[in-house]
**Student:** 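The structure that follows is given in the form of structure tokens.
Per chain, numbering begins at 1; letters A, B, ... match sequence-line order. Everything numeric here is computed off the predicted structure, so don't read it as measured data. Every heavy atom of this structure was used, including side-chain atoms; hydrogens, water molecules and symmetry mates were not.
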Number of protein chains: 2
Amino acid sequence: MTGTRGKLLNAAIATLRDKGIAGTSARVIATAAGVNQALVFYHFGSVAKLISEACRESAAEQVEHHRQQFARAASLDDLLTLGRQLHAWQRDAGNVAVLAQVLAGARSDPSLAAAARQALTLWISELETTLDRLLRTSPISEIADTAGLARAVAAAFVGIELYEGADPDGAESAFAALAQLSALIKALDGLGPAARRALHNRLRRTATARPPPRPAS
Amino acid sequence: MTGTRGKLLNAAIATLRDKGIAGTSARVIATAAGVNQALVFYHFGSVAKLISEACRESAAEQVEHHRQQFARAASLDDLLTLGRQLHAWQRDAGNVAVLAQVLAGARSDPSLAAAARQALTLWISELETTLDRLLRTSPISEIADTAGLARAVAAAFVGIELYEGADPDGAESAFAALAQLSALIKALDGLGPAARRALHNRLRRTATARPPPRPAS
DNA sequence: GTCTATAGAGGGATAGAC
DNA sequence: GTCTATCCCTCTATAGAC
């Protein structure tokens, strides 16, 4: 944390978050870390390797840091509230914004793609575990594929963090709308037995497998 | 379309989509367009201006191209199917992946932020119009803020397109999960009057305004 | 409008002194 | 481990011939 290696990792995170993948270079990172530029290559071999390691390590650290909060979530509503807290927290500690930048850089560097995949997997598996637990008692569990759902939620979160960089107000209103929507889930869970049975029946009737869609002309 | 200007705009889109913002430069774009590098500056003044214009123009063109499909959507289920078609279509024509890259570049260049905001606004307003129309008859309309919801959906789509670049299979499963979830919406709309009334009552009870969340420690 | 040539800055990466 | 110095490349942007 305090060594040169740690300083570079921290500076890489801060630089990616603040200047984006396009503004991140060995010189910029080293300046932010207050160390010599050549040390990037001594400690990590290349800029891409430094970024990859910073991305993975930061994700591991933050997922670990929030694990208890994931475990404490007792409803989808709680999970969405946790999402909003995470969003506010990310403004400063921002691993997800970093993830978005590394994901963007993945197009020009396959090694970044691997790092982003690994970092995202940490968030996704935490989400999947939580969703599995929370959806057991919900009518949604009849149709939900939690593995895919966890990926969709994680990707959506990344998208919103990216959106935040260009339009903070818009991102805020997006989150607010999702929070409202969580009331629907809450209402579903609080449904009486009769209405629940009716919903169950409708779900059985409509939730049939559909063939994969074809591209528009 | 066929002139040098048009070739550069097309090449800028293709380069952003294939190599990302980090791999996009005047030289790379000009090579892809088959024209001289200096022409980037003659026609657009700077690389950022070329990217901005390409991003805006491509969004306008594609939103226009899909407008009829948005208008034809008769249910949220249709809208989600349209989303999957759009996703498949984007693999080749990819304005949304470009949007993600410009959004990523926004951190290092404010002019890119403005371009991304404008391009996103086109998608968002189309989505908002459609959501407004579709949600009128759904129980969801009681709690939904379509303006925020449209932004959330657009940002989520951007996130998934970005995710697609690093893990195509994961992105596919995310979409599949959302498609399953649309069955829930379908079921909600098909609910009988009694169950619908029960849901309505639960919604009125749970959908109270909550104070904004505070960051986690 | 398009080309060549080039200035000038910044980038990745390495050699070698300390 | 850290520093200076440097090589060589790519980048943006411009000047000037055609």
**Student:** Please walk me through it: do A:Leu120 and B:Asp167 pass side chain to side chain contact (heavy atoms under 4.5 Å, CB included)?
**Tutor:** CA-CA 10 Å; A:Leu120 252 179; B:Asp167 185 357; over 6 Å; no

**Student:** Return the value, rounded to whole Å, for the distance between atom CZ of A:Phe44 and atom C1' of D:dT2.
**Tutor:**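 Nearest whole value for this atom pair: 15 Å.
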
**Student:** Please give, in whole Å, the distance from D:dT6 C1' to A:Gln37 CD?
**Tutor:**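 Rounded to whole Å, this separation is 11 Å.
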
**Student:** Please determine, for the side chain of B:Ala38, which listed nucleotide (C:dC3, C:dT2, D:dA13) has the closest atom?
**Tutor:**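 From the listed options, C:dC3 comes nearest.
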
**Student:** Output the rounded distance in Å from CG (A:Leu8) to P (D:dC3).
**Tutor:**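 These atoms are roughly 11 Å apart.
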
**Student:** For C:dG11, does the base pair up with any side-chain atom of A:Arg27 as donor and acceptor (N or O, under 3.5 Å, distance only)?
**Tutor:**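 Checked by distance alone, the answer is yes.
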
**Student:** One thing to verify: whether B:Glu64 and B:Arg67 come together as a salt bridge, which I'm taking to mean a side-chain N less than 4.0 angstrom from a carboxylate O.
**Tutor:**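 Salt bridge between B:Arg67 and B:Glu64, a charged N being under 4.0 Å from a carboxylate O: yes.
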
**Student:** Looking at every strand, decide which applies to B:Val47 at a 4.0 Å heavy-atom threshold: base, sugar-phosphate, or nothing.
**Tutor:**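 Answer is sugar-phosphate: B:Val47 comes under 4.0 Å of backbone atoms only.
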
**Student:** On the nucleotide D:dG1, are OP1 or OP2 found under 4.0 Å from the side-chain N or O atoms that A:Thr4 carries?
**Tutor:**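 Checking A:Thr4 against D:dG1: no side-chain N or O falls below 4.0 Å of OP1 or OP2.
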
**Student:** Output the rounded distance in Å from NZ (B:Lys7) to C1' (C:dG1).
**Tutor:**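 For the pair B:Lys7 NZ and C:dG1 C1', the rounded distance is 12 Å.
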
**Student:** Would you mind reading off the distance between B:Ile21 atom CD1 and D:dC11 atom P, rounded to a whole angstrom?
**Tutor:**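 Nearest whole value for this atom pair: 13 Å.
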
**Student:** Rounded to the nearest angstrom, tell me the gap between atom OH in B:Tyr42 and atom P in D:dC18.
**Tutor:**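 My rounded result for the distance is 19 Å.
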
**Student:** Can you check the A:Ile29 CD1 to C:dG11 C1' distance for me, whole Å?
**Tutor:**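 Whole-Å distance recorded here is 12 Å.
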
**Student:** Between C1' on C:dT6 and CG on B:Asn36, what's the gap in Å once rounded to a whole number?
**Tutor:**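 It is 13 Å, rounded to the nearest whole Å.
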
**Student:** Go through D:dA15, D:dA13, D:dG1 for me and flag the one nearest to the B:Phe41 side chain.
**Tutor:**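 Given the options D:dA15, D:dA13, D:dG1, the side chain of B:Phe41 is closest to D:dA13.
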
**Student:** So among A:Asp132, A:Thr129, A:Thr130, which one has a side-chain hydrogen bond (donor to acceptor under 3.5 Å, both in side chains) with A:Thr146?
**Tutor:**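 The passing option is A:Asp132.
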
**Student:** Can a donor-acceptor pair be found, under 3.5 Å and without considering hydrogens, that links the side chain of B:Gln62 to the backbone of B:Ala93?
**Tutor:**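 At least one qualifying donor-acceptor pair exists.
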
